[in-house]
There are 2 protein chains.
Amino acid sequence: MFLDKHTLKKGGVINKIPKVVEIMSITIKDIAKELDISFSTVSRALRDDPQIAEETRKRVKKMAKSMGYRKSSIGSALVTGKNNVLGVIVTDMVRPFNLSIIGGAEKVARDNEFNIISCNSRSTLEGEKYATEVLMSQNVSGIIVASLSGFKDVDHILVARDKGVEVAVINRFINIDGIHTFVGEYLNSTICMMKHLFQEGHEEIAFVGFDKPLISQPVVERLAGYGRAMKEAGLKEDLVLRPNLEMNTTPEMEIEIGWELTEKILTRKHLPSAILAINDFFALGALRALYSKRLIVPNDITVVCCSDVVAPYQVPPLTTLREPYHIAGECAAQFLIERIKGNMLPIGYEKLDCQLVIRESCRCSLR
Amino acid sequence: MFLDKHTLKKGGVINKIPKVVEIMSITIKDIAKELDISFSTVSRALRDDPQIAEETRKRVKKMAKSMGYRKSSIGSALVTGKNNVLGVIVTDMVRPFNLSIIGGAEKVARDNEFNIISCNSRSTLEGEKYATEVLMSQNVSGIIVASLSGFKDVDHILVARDKGVEVAVINRFINIDGIHTFVGEYLNSTICMMKHLFQEGHEEIAFVGFDKPLISQPVVERLAGYGRAMKEAGLKEDLVLRPNLEMNTTPEMEIEIGWELTEKILTRKHLPSAILAINDFFALGALRALYSKRLIVPNDITVVCCSDVVAPYQVPPLTTLREPYHIAGECAAQFLIERIKGNMLPIGYEKLDCQLVIRESCRCSLR
DNA sequence: TTGTAGGCGTTATCAC
DNA sequence: GTGATAACGCCTACAA
C-alpha cells in the first residue's frame with residue numbers, strides 16, 4: 001500500500017478585476033430615514049415590541065423587506081451580550097462521530113435561528129482551553145464540549161460558566177456544578193445486543209477489543225455488558241483483548257489489531273459462532289481475517305460490533321449498536337438554546353441509549 | 001434490514017443550581033483603569049501599533065494577560081466590519097466530503113486565527129440564499145460556497161461580493177466576475193487511474209456508473225477520461241451505465257444500482273479483468289455482487305473507483321481517486337484569508353488534481 | 001508618545 | 001406610541 005505524492009496544479013487565471021467597491025449594508029437608520037421616523041421605532045417594530053402601532057409595524061417590516069434589510073447580529077450582540085451562536089468543541093473534524101455531533105447541533109440550531117461555530121481541541125487540554133477562549137471571544141451564547149481531553153482540569157469550563165455562557169458536555173463522565181452532561185448508555189445497550197445474539201441461538205460469543213489503561217467509560221461499560229450478559233445466560237466469557245491500548249489510535253491501527261486478535265481465534269480447533277467487536281474498526285479487522293480464510297459472514301460466523309461508523313458500508317453491512325452522537329448533538333443544542341432563551345431547565349445529566357441496528361452480518365438476515 | 005425504534009431515555013437530575021451570577025468580561029477600559037492610562041493607548045498597545053512606547057506595550061500586554069483579557073471580536077468587528085470569521089456553505093453536514101471541505105477550511109483558519117461558521121444549504125437554492133444571509137448577518141469576512149445548488153441564480157453571491165465579502169466557490173463550474181473558483185480536475189485524474197490499470201496488464205475494463213440528465217462536470221469528465229484512455233490504448237469501451245439517474249440518490253440506492261449493474265456483467269460468458277466504478281458506493285455494490293458469487297478481489301477481478309469516501313474501509317481496501325475536497329477547503333480558506341488580510345491575489349479559477357491512492361483491490365498488491 | 005471624541009448597529013431607558 | 005439619548009467594546013482620526 002503506497003500513496004502517490006500529492007500534486008496540486010494551479011489553474012489558469014481567467015479574469016482579473018479590481019477590488020470591488022464596498023457597499024454598506026442597510027441599517028435600521030436607513031429604514032428610519034426612508035420612513036421619516038426614529039430609528040428606535042424601527043428597532044421596536046422589527047422586534048415585534050408589543051407597544052408599537054400595528055400600522056407602523058407593518059410599514060416598517062414592509063420597507064425593511066423591500067430594502068433588503070438584515071439585522072446585524074454583532075450590533076445586537078454588543079448590546080445584549082448574546083448572539084445566537086453556539087460553539088461546539090470536538091477533538092477533530094475528521095472522525096465521523098464528531099461530525100455527527102456537529103451535524104446534530106447544527107440541525108437544531110438552524111431550526112432555532114442559531115448558528116454554530118466549531119473548533120478542534122486536537123485531543124489536547126491546551127487545545128480545548130484555546131478553543132474555549134476563541135469561542136468566548138466570539139461572544140457565543142453557549143458551548144457544547146465534546147472533547148474528551150481528560151477528567152481533571154475543567155477550569156476553562158468553569159470560567160465560561162461563570163461568565164454566563166451556557167455549557168453542555170457530551171460523553172464526558174464528570175459532574176460539575178452548573179454543567180449539564182449528556183452521556184451514552186453503553187451497559188444496557190451492549191446487553192441488548194447480546195440478547196439479540198442469544199435469540200439467534202449463539203452461545204459461544206467472542207468479544208474482540210481492548211483494555212485501556214485510562215478509564216474510558218464506554219469501554220468499561222461494553223466489557224461489563226458483555227460479561228454480565230454471558231454470566232446471566234450461564235455462558236463462558238471469551239475475551240480476546242489487546243491489553244493497555246494507548247490512546248489516539250488510528251482506524252488503520254485498530255483494523256490491524258482487530259485482524260490479529262481474530263486470527264488468534266481462527267487458530268483454535270473450535271470456533272465461536274459469533275464475534276462482538278468493540279467498535280467498527282475492530283470488526284473490520286475481524287472481517288478481513290475471516291475473508292482471508294474464506295469464511296463467509298454470517299453463514300459461517302456472525303460479526304457484530306458496538307459503534308456505527310463505516311459499518312453500514314461493509315460487505316456484508318454490519319449489525320451494530322449505533323452510538324447516539326447525532327442525537328447528543330441535537331439534545332445538547334436544544335438544551336442550551338432553551339436555557340439561553342430563558343427557559344431555565346434543571347441541570348444534571350442525561351443518558352442516551354445506543355440504537356440496535358440490525359443488518360446482514362448476523363444470522364437473522366439468513367431467514 | 002430493520003431498525004429498532006429509537007429510544008431516548010431521560011437520566012436523573014443529579015443537581016440543581018440557581019442561575020450563575022454573570023461576571024463581566026475584562027475590557028480594554030478595565031486594563032486602562034488598572035494601569036491609569038487611556039483605553040486607546042491600551043487598544044494600540046495590544047494591536048502592536050508601531051507608534052507606541054515599547055515600555056507601555058509590555059506593561060499593557062503583561063497586565064492584559066494577568067487579568068485574563070481577551071479581545072471581544074464583536075466589538076472590533078463592529079468598527080472594522082471584519083471579524084476574522086469565514087463562513088462555509090455546504091449542502092449538508094452528513095456527506096463525508098462536505099465535512100472534508102469544512103475540515104480543510106478549519107485547519108487553515110485555525111492556523112491564521114480565523115474561525116469558521118458552517119451552514120447547510122440542504123441542496124436547495126433557497127437554502128443557499130438563506131445561509132448566505134445568515135453569514136452576512138454575522139458579518140463574516142469571507143464565504144466559501146461549496147453547495148452545488150445549480151448554475152443559474154447567483155444573485156446572493158453577487159450581493160455578498162458587492163458588500164465587500166470575499167467569496168470563493170468550490171466545485172461549481174461557473175465563471176462570475178470577482179469570484180474565485182476551485183474545481184476538481186477529473187478528466188486527467190481518471191486517465192491517470194486508467195494508465196495504472198493498463199500498467200497492471202488490464203485490457204478489458206468495465207466502467208460501472210451512471211449518466212445524469214443534468215450536466216455534472218465530474219461525471220462527464222470521468223466518462224470522458226475512461227473513454228479517451230480506452231480509445232488511445234486501442235481498446236474497446238465497456239460502459240455499464242444506469243441511464244438518467246435522478247439527483248439526490250442515497251448511498252444505499254447507489255450500492256443497490258452498482259450491485260445490479262455488476263450482476264449484469266457477471267452473467268456474461270467472459271468477464272472483464274477490472275471494474276472502474278464511478279464512485280465508492282457503486283464500487284461497494286460491485287463488491288457485494290462479486291462476494292455473492294464468491295469471486296475474490298483482486299485475485300479474480302480488480303475493482304477500483306473514483307472518489308474516496310468509505311473505500312479505505314473495505315475488504316479489501318479499494319484503490320481510488322481521492323477527490324481534493326480537504327485540499328479545496330484548505331485552498332479556499334487560504335485564498336480568502338490572504339485577500340481579507342489585504343493581499344489582493346488575482347481572481348480566477350484553480351484546478352485541483354485528484355490523488356491516486358493505491359490500495360489492495362488491484363493486482364499490484366499481489367506482487 | 002499619549003489622550004480625546006466620535007462612531008460602528010443595535011437595544012434599553014428615559015421622557016414626552 | 002414614539003423619539004431622543006446613552007450604553008455595549010473597540011478602533012481611529014485628530015489634537016495635545
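Per chain, numbering begins at 1; letters A, B, ... match sequence-line order.
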Expressed as a whole number of angstroms, how long is the span from [X]:[atom1] to [N]:[atom2]?
{"X": "B/Ile74", "N": "C/dG9", "atom1": "CD1", "atom2": "C1'", "answer": "11 Å"}
{"X": "B/Lys29", "N": "D/dC11", "atom1": "NZ", "atom2": "C1'", "answer": "12 Å"}
{"X": "B/Asn83", "N": "D/dC11", "atom1": "CG", "atom2": "C1'", "answer": "15 Å"}
{"X": "A/Asn139", "N": "D/dC8", "atom1": "CG", "atom2": "P", "answer": "14 Å"}
{"X": "B/Leu46", "N": "D/dT12", "atom1": "CG", "atom2": "C1'", "answer": "15 Å"}
{"X": "A/Ile28", "N": "D/dT2", "atom1": "CD1", "atom2": "P", "answer": "15 Å"}
{"X": "A/Gln51", "N": "D/dG3", "atom1": "CD", "atom2": "P", "answer": "13 Å"}
{"X": "B/Asp49", "N": "D/dT12", "atom1": "CG", "atom2": "C1'", "answer": "10 Å"}

Measure the spacing between [atom1] of [X] and [atom2] of [Y] and express it to the nearest 0.5 Å.
{"X": "A/Leu135", "Y": "A/Asn139", "atom1": "CG", "atom2": "CG", "answer": "11.0 Å"}
{"X": "A/Leu336", "Y": "A/Cys331", "atom1": "CG", "atom2": "SG", "answer": "11.0 Å"}
{"X": "A/Ile89", "Y": "A/Ile143", "atom1": "CD1", "atom2": "CD1", "answer": "5.5 Å"}

Classify the nucleic acid contact of [X] as base, sugar-phosphate or nothing, counting any heavy atom under 4.0 Å across all strands shown.
{"X": "A/Arg44", "answer": "base"}
{"X": "B/Ile52", "answer": "sugar-phosphate"}
{"X": "A/Ser43", "answer": "base"}
{"X": "A/Lys71", "answer": "sugar-phosphate"}
{"X": "A/Ser73", "answer": "nothing"}

Heavy-atom side-chain proximity of [X] to [Y] below 4.5 angstrom:
{"X": "B/Val85", "Y": "B/Phe114", "value": "no"}
{"X": "A/Arg172", "Y": "A/Val169", "value": "yes"}
{"X": "B/Glu133", "Y": "B/Val159", "value": "no"}
{"X": "B/Asp153", "Y": "B/Lys129", "value": "yes"}

Given [options], which nucleotide is nearest the side-chain atoms of [X]?
{"X": "A/Thr80", "options": "C/dG9, D/dG9, C/dT11", "answer": "C/dT11"}
{"X": "A/Ser76", "options": "C/dT11, D/dC10, D/dT2", "answer": "C/dT11"}
{"X": "A/Ser72", "options": "C/dT11, C/dG9, D/dT2", "answer": "C/dG9"}

Quiz item: Going by number, which of residues 63-70 of chain A have a non-hydrogen atom under 4.0 Å from DNA chain D?
Solution: none
Quiz item: Got a sec? Which of residues 30-42 of chain A come in under 4.0 Å of DNA chain D, heavy atoms?
Solution: A/Ile37, A/Ser38, A/Phe39, A/Ser40, A/Thr41
Practice problem: Fit a plane to each ring of B/His180 and B/Phe335, take the angle between them on a 0 to 90° scale, and name the class: parallel (under 30°), tilted (30 to 60°) or perpendicular (over 60°). | Solution: parallel
Practice problem: Give a yes/no on whether any side-chain N or O of A/Arg47 is located under 4.0 angstrom from OP1 or OP2 of C/dA12. | Solution: yes
Quiz prompt | C/dT2 OP1/OP2 closer than 4.0 Å to side-chain N/O of B/Thr56 | solution = yes
Practice problem: Starting from the first five and the last five pairs of the helix from C/dT1-D/dA16 to C/dC16-D/dG1, work out the angle between the resulting helix axes, to 10 degrees. | Solution: 40°
Quiz prompt | Toward the 5' end of DNA chain C, by each residue's nearest nucleotide, B/Leu78 or B/Ala53 | solution = B/Ala53
Self-check item: Verdict with reasoning, B/Asn98 to B/Thr91, per side-chain hydrogen bond (donor to acceptor under 3.5 Å, both in side chains)
Solution: CA-CA 7 Å; B/Asn98 283 330; B/Thr91 55; 2.8 Å; yes
Quiz item: Does the side chain of B/Asn112 pick up a donor-acceptor pair with the side chain of B/Lys341 at under 3.5 Å?
Solution: yes
Quiz item: Can a donor-acceptor pair be found between the side chains of A/Thr41 and A/Ser38 at a distance below 3.5 Å?
Solution: yes
Quiz item: What heavy-atom pair brings B/Asn83 and B/Ala77 nearest, and what distance separates the two atoms?
Solution: CB-CB, 3.4 Å
Quiz item: A/Lys58 pairs by side-chain contact (heavy atoms from CB on, under 4.5 Å) with which of A/Lys62, A/Glu54, A/Lys61?
Solution: A/Glu54
